[in-house]
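Structure first, then comments.
So that the names make sense, note that chain A is the first sequence line, chain B the second, and so on, each numbered from 1. All values below were derived from every heavy atom in this structure, side-chain atoms included, with hydrogens, water molecules and symmetry-related copies excluded.
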Amino acid sequence: MISNVIDKKWQKFWEDRELFKAEDFSGKPKYYVLMMFPYPSGSRLHMGHCKNYIIGDVVSRYKKMQGFNVLHPMGWDAFGLPAENAAIKNNIHPEEWTYKNIRVMKEQLKNIGICYDWSREVATCSPDYYKWTQWLFLKFYEKGLAYKKKKEANWCPKCLTVMANEEVIDGACWRCKTEVTKKELDQWFYKITAYTERLLEDIKKLKGWPEKVKTMQENWIGKSYGVEVDFKIVGPAADKIPVYTTRVDTIFGVTYLVIAPEHPLAQKIVKGTKYEVPLKEFTAKLKKQSEISRTSDLTEKEGMFLGAYAVNPFNGEQVPIYAVNYVIMEYGTGAVMAVPAHDQRDFDFAKKYELPVKVVIQKEGSRQEGKDLAEAYVAGGVQVNSGEFNGKKNTEAMVLMADYAEKNGFGKKTIKYKLRDWLISRQRYWGAPIPVIYCDRCGIVPVPEKDLPVKLPFIADFKPTGGVSPLASVKEFVETDCPKCGGAGRRETDTMNTFICSSWYFLRYCDPKNNNEAFDPKKTGYWMPVDQYVGGIEHAILHLLYSRFFTKFLFDLKLVKFDEPFVNLFTQGMVLKDGQVMSKSKGNTVEAEPLIEKYGADTVRGFVLFAAPPEKELEWSDKGIEGISRFLARVERFIAAALPLFKDTRPVVPEKLPKELKTFYVNLNKTVKKVKEDVEKDFHFNTAIAALMEFVNFLYVFAPPEEQKSSVEYRSLLKLAVEDVVLLLAPFTPHICEELWAGLGYKESVFLHELPEADPAFIIEDEKEVPVQVNGKLRGRIMLSGGTSREEALALARALPAVTASMAGKKEVKVIYIQDKLINWVVL
RNA sequence: GCCGGGGUGGUGAAACUGGUAGACACAAGGGACUUAAAAUCCCUCGGUCGCAAGAUCAUGACGGUUCGAUUCCGUCCCCCGGCACCA
C-alpha cells in the first residue's frame, strides 16, 4: 500500500475538496502557519527543502485537526540574480525560466503531500505583486524614509551589483561567496536607522523566538553607550577632532590619537606639509586592500604620524596624531583616543611604534606600571594617574567623567549603533524597478500611484554590465515624460533588492488578489500576525530584520494594527550531506523524488521527522528509512486484521472496564498525552512518533484473557485505540491515514475529525514499578499499586534478598521514600 | 577573544522540575517459517568479570555538592553556530 497510487489518490481528494482552503473571517479561531517562501531555483527538491515544508505541513494539519481555521500559504521569492545567471547560461528569458521552475517545484511539493492553500499563491516577480512593492516604495519616499545618496558601497564583482551590509558575510557576497569590494555609486537607501531603537527594544516582545536569533539581531543593531570628546588640534586652525569612546574612564591614559586615513581632518592636517604625500600613498595602499583584510584583527596594525598633536581636554597633555589602518571611517567619528594600557589594539600598535603606555586603571590591591604589561588590562579597577578621579572605582569614574566633559563643554554622552541604512538599489535586470523618474527641471519625481506598476520591460539582452543596470540601455523604458512638468524625463534603471519583495509577502497572502490595495487591513487584521513562522537560521538577520522594519513602518502608516509580524519563530536545523549544507552548487543533494517513488511520500515524511528533533542539524543517511516503512506496514496489517472485530461496537466506558482492559486504556491515554505534548510543546515529532511506535508494539503484544477476547468492551476499546492511532499519525503520514480512516468506515477526510483527548482520570497506572536502592545503588525493584502505604512499601522493599544482603550488619542512617518514584536506604 | 548551542552504545537518538541511563529505531549476530528468496516473527546486542544469578565500570576529562548527578557548581579539552580592529 506504499505505492504512489495511494499518494495520488488522496492528493487529488484534498485538491478536489479544497480541504485546505483558508476561510477569511471564519468563526473558528485562526492559525497562520508560514514557511519562508523559496526561491524557485529549478533544482529538484532535495531533502533539505523537504524537511522545512514537512515541518510546516505537520503543524498545519495538526492545527486543522484541533479545529483552527488554518492559513498555510505558499509562494515564490521569484526575483533575483540566479534567474538571470541561469537564464544567461541556458539562453532563456528569466521570466520563462522562473515560471517553469515554479511549475516544477509546485508539482514536487504536491508530491510529498504538502497541503497549501494554493488559491493564495503569490510570485514576487508578477506585476500584480510588485506593483505593491513599488507602491510601498512610494510610501517610504513620502515619509522621507527612501533617499538617494552617493556612497561607497559593497560591490560584488561576480554578481556585478552593490549590496546591503547585511548581505556581506565575512567580507564576501552571501550568495556567491565572492570577496566584496567597494564601489562609489549613486544609490537608493531605506532609512532603517529611523527604527533602530524600536527594532532593538521590541526584541523583548518576541517571546516565541529563539534566544539565538534575538541575540544575533541585538548584536547586529549593536547599541553602545559612550562619550564623544573633542580633542583640539595644536595649531592656529583650532580644529577639533571628536572621538567616540565607551571607556571614558581611561581617558587619562591617552598617549596618542588615531584617525582613519581617509578622514577629512587627516587630509587637512597634512596639507602642505611633508606628510601630505606619504598619507596619500598610505590611503591608496589601504584602498587596494580588501574589506576583509582591512577589518580583520589578524591584520598587522599600521600607521603613520601626521606631524601634529592634539590636546587631551582632561589633563591638557599634548599627544601625537596617527593615521592608522585599524580605524574605519564608517563607525563612530572615524577617530579614536588611543589608550594602550587598557585597549588591546592600541597596546599592539604602541608596542610596534614605541609609544608610551600609561596605566590609569588598576586591579584593586595591585600596582602595575605600563612597562610591566604584557597585554592591555581591559577589566575594571580603581582609577590612578587620573587627577581628581584618583581612587574612585572606574565604573563610578565613568559616570563622573562623562558629566565633567559635558559640564565643561568638550564632550557629550552619546549612543551609537552599528546598524546602517539599507541599500536597496541593484544594478540588475530581474527585480522590481524603482518607481522614480529624473527630470532636469523637477529633479527626482516619484511615479504617481496611478501609473503603477512600472513594468519591467521584456528585453532580450539583460546581461549585467558593471555599475549600470541593463535597463539603462532600453530606450523605450528610460525615456519618459516627467509626471510633474510633462517635460523629458528619465526613469531610474536600478531595480530593488529582492529582500524588499520578501519583507511584506506574508501580508499579501492574507489578500492575494486585491487589485485596489496591497492588502485589505480587515483581512490582515484577521490573519496577522503569523502564529508560527518556520525557516532557516540563515535569515536570522537579513529577512527577519527587514520584515520587522516593514511591519513597524506599516504600523506607523496605520495600515496594520500590529508592530511585530511573527509571534513564534521556529528555526529548523539544516540537512547536511558530508558535513555540508545540501546545495545544487556543491553537488551534494539527495533528491526527494526517487525516495518518494521507492517508499511513498509518507515514509519519506515519517523518516525525516523521526530521524532527529527538527531544530537539530541532520547529517543525511538513508539508514533507518526502513524502520518507518516497516512501522507503517505494521499499522496497516494490524488494522486489517482487527477490522472484523469492529462490528457492533459501542462507546467505551472506562470505569466499567475489567483490570486488564483498564491497563490497555491507560496506556492509550498516556500515548495520546505524550504525542500531543511532544508536538505542541516543542515540535519534537521524533519522540511523538516513537510513542506511537511503542503503543503499536503494545497492541501487537497485548492479549486479553480468553473470556474477554470477543467481549464488546474489548472490541470497542480496540477500535478506539486504532482510531486514535490513525488520528494522531495523520499529520505526519497523511495519505496512509486517510486510506486507513476510509477503511474504518468514515466517509469524510480524517483531517475533518478532531484529535483525541487524553482522559486525565486514566493516565496513572494502577501498578508502578519502583526502584529500590541502598546507598544510591540499585538493588531491586518492587511493584506497588496505588493505595500502598509508605510502611507497606518499605516492608516489601526490605524483603528483597539483594536489599537484605547489602544492609546486613550495617546501620540504617536514613531512608528516602519518594512516592511512586524511589526507595533508598542510607546505611553505614 | 566574546556570546550562544552541543559532546550519551557500532549508528540516529531518548531520559519530565536531581530519582531504574540508553526509550524508539537502524545496523549487526543467532533462530523460526520457506524447496529457496523476499516479507514476517522470536532472541541477543555499552564495556569488563561470570556457566548463571549477579557484580562492577560507564553519559568529553578532572574535581565538588548530594542518600543519589547525563541533569546543579567549578576547572579544563573538543565540535558547531554567531559576533569581532565597532573604539
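Atom pair A/E617:CD and B/G7:C1' shows a separation of 15 Å (rounding to whole Å applied). For the pair A/D622 CG and B/U11 P, the interatomic distance rounds to 18 Å; values are reported in whole Å. The CG atom of A/L822 sits 9 Å away from the C1' atom of B/C67 (whole-angstrom rounding). When rounded to the nearest whole Å, the span between CG of A/L576 and P of B/G12 equals 13 Å. One can place CZ of A/F231 at 12 Å from C1' of B/A87, the figure rounded to the nearest angstrom. Between the CD atom of A/E538 and the P atom of B/C83 there is a distance of 13 Å, given to the nearest Å. We find that CG of A/D348 is positioned 19 Å from P of B/A84, with the value rounded to whole Å. Rounded to an integer number of Å, the gap from OH of A/Y599 to C1' of B/A39 is 14 Å.
Under 4.0 Å is where a charged nitrogen must lie from a carboxylate oxygen, and between A/E302 and A/K352 no such pair does.
Residues satisfying the ring-ring contact (aromatic ring centres under 6.0 Å, His included) test with A/F282, not counting sequence neighbours, are none. With sequence neighbours left out, A/F499 forms a ring-ring contact (aromatic ring centres under 6.0 Å, His included) with A/W174, A/Y546. Remark: A/K418 engages no residue in a salt bridge (charged side-chain N to carboxylate O under 4.0 Å, His left out) (not counting sequence neighbours). Remark: A/W825 pairs with no residue by the ring-ring contact (aromatic ring centres under 6.0 Å, His included) rule, at least two apart or across chains. A/F231 pairs by the ring-ring contact (aromatic ring centres under 6.0 Å, His included) definition with nothing, not counting sequence neighbours. Qualifying salt bridge (charged side-chain N to carboxylate O under 4.0 Å, His left out) partners for A/K674, counting only residues two or more places apart in sequence or in other chains: A/D678. Partners of A/E375 by salt bridge (charged side-chain N to carboxylate O under 4.0 Å, His left out), not counting sequence neighbours: none found. Evaluation of the salt bridge (charged side-chain N to carboxylate O under 4.0 Å, His left out) rule for A/K351 yields no partner, not counting sequence neighbours.
When distances are taken from the side chain of A/Y326 to each of B/C3, B/A14, B/C85, the shortest belongs to B/C85. Considering only the side chain of A/R637, B/U40 comes nearest among B/A87, B/A14, B/U40. Nearest to the side-chain atoms of A/I816 among the listed nucleotides B/A87, B/C67, B/A13 stands B/C67. Comparing B/U20, B/G4, B/G19 by their closest approach to the side chain of A/K821 singles out B/G19. Side-chain atoms of A/N219 lie closest to B/C83 of the nucleotides B/C86, B/C83, B/G81.
Judged by atom type and distance alone, A/K814 does not reach the base of B/C67 through any side-chain donor-acceptor pair under 3.5 Å.
In this structure, A/K418 reaches the bases: a heavy-atom distance under 4.0 Å links it to at least one base atom across the strands shown. Within the 4.0 angstrom heavy-atom criterion, no nucleotide atom of any strand lies near A/E211. Using a 4.0 Å heavy-atom cutoff across all strands shown, A/K416 reaches no nucleic acid atom at all. A/Q773 comes within 4.0 angstrom of a nucleotide base, judged by non-hydrogen atoms across all strands. Residue A/N775 is in sugar-phosphate contact alone, with no base atom involved, counting any heavy-atom pair closer than 4.0 Å across all strands shown.
Going from the P atom of B/U66 to that of B/A14 covers 32 Å, rounded to whole Å. Look at the P atom in both B/G60 and B/C51: the space between them is 32 Å, to the nearest Å. Atom name C1', nucleotides B/A23 and B/A36: the rounded distance is 37 Å, in whole Å. Spacing between B/G9 and B/U70 at atom P, rounded to whole Å, works out to 14 Å. Using atom C1' as the reference point in both B/G74 and B/A69, the two lie 15 Å apart (nearest Å). For the C1' atoms, the distance linking B/G22 with B/U35 amounts to 42 Å, nearest Å. Taking atom P on both B/C42 and B/G4, the two are 48 Å apart, rounded to the nearest angstrom. To the nearest whole angstrom, the two P atoms, one in B/A21 and one in B/A55, are 12 Å apart.
With RNA chain B read from its 5' end, the first of the two nearest nucleotides for A/K212 and A/Y331 is the one closest to A/K212. Both A/D346 and A/I541 sit near RNA chain B, but only A/I541 has its closest nucleotide nearer the 5' end.
Atom NZ of A/K673 has 12 or fewer neighbouring heavy atoms from other residues, nucleotides or ligands inside a 6.0 Å radius. Under a cut-off of 6.0 angstrom, the local environment of NZ in A/K413 is crowded, with over 12 non-hydrogen atoms contributed by other residues, nucleotides or ligands. Within 6.0 Å of NZ in A/K223 there are more than 12 heavy atoms belonging to other residues, nucleotides or ligands.
Applying the 90° criterion around 0 to the glycosidic angle, B/G9 comes out syn.
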Response to the item:
Going 5' to 3' through nucleotides 49-58 of chain B and flagging B where a protein heavy-atom sits under 4.0 Å of the base, S where only the sugar-phosphate is that close, and - otherwise, we get ------SS--

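The side chain to side chain donor-acceptor pair (under 3.5 Å) pairs that include a residue from residues 771-781 of chain A number zero, where partners must be two or more places apart or lie in different chains.
Listed pair A/Y244 / B/A87 fails the phosphate criterion, with no side-chain N or O lying under 4.0 Å from OP1 or OP2.
Residues A/N325 and A/E300 share a closest heavy-atom pair of ND2-O, 3.0 Å.
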Practice prompt. For RNA chain B, produce a single dot-bracket line, 5' to 3'. Pairs: Watson-Crick or G-U wobble, both distances under 3.5 Å. Symbols: ( ) within strand, [ ] crossing, | other strand, . unpaired.
Written response: (((((((..(((......[....))).(((((.......))))).((((....))))..(((((..]....))))))))))))....

Just the atom pairs and distances: protein N or O near nucleotides 23-33 of chain B's N or O, under 3.5 Å.
unit_1, atom_1, unit_2, atom_2, d
B/A23, O2', A/E694, OE1, 3.4
B/A23, O2', A/E694, OE2, 3.2
B/A25, OP1, A/N697, OD1, 3.4
B/A25, OP1, A/N697, ND2, 2.6
B/C26, OP1, A/R630, NH1, 2.5
B/C26, O2', A/G624, N, 3.4

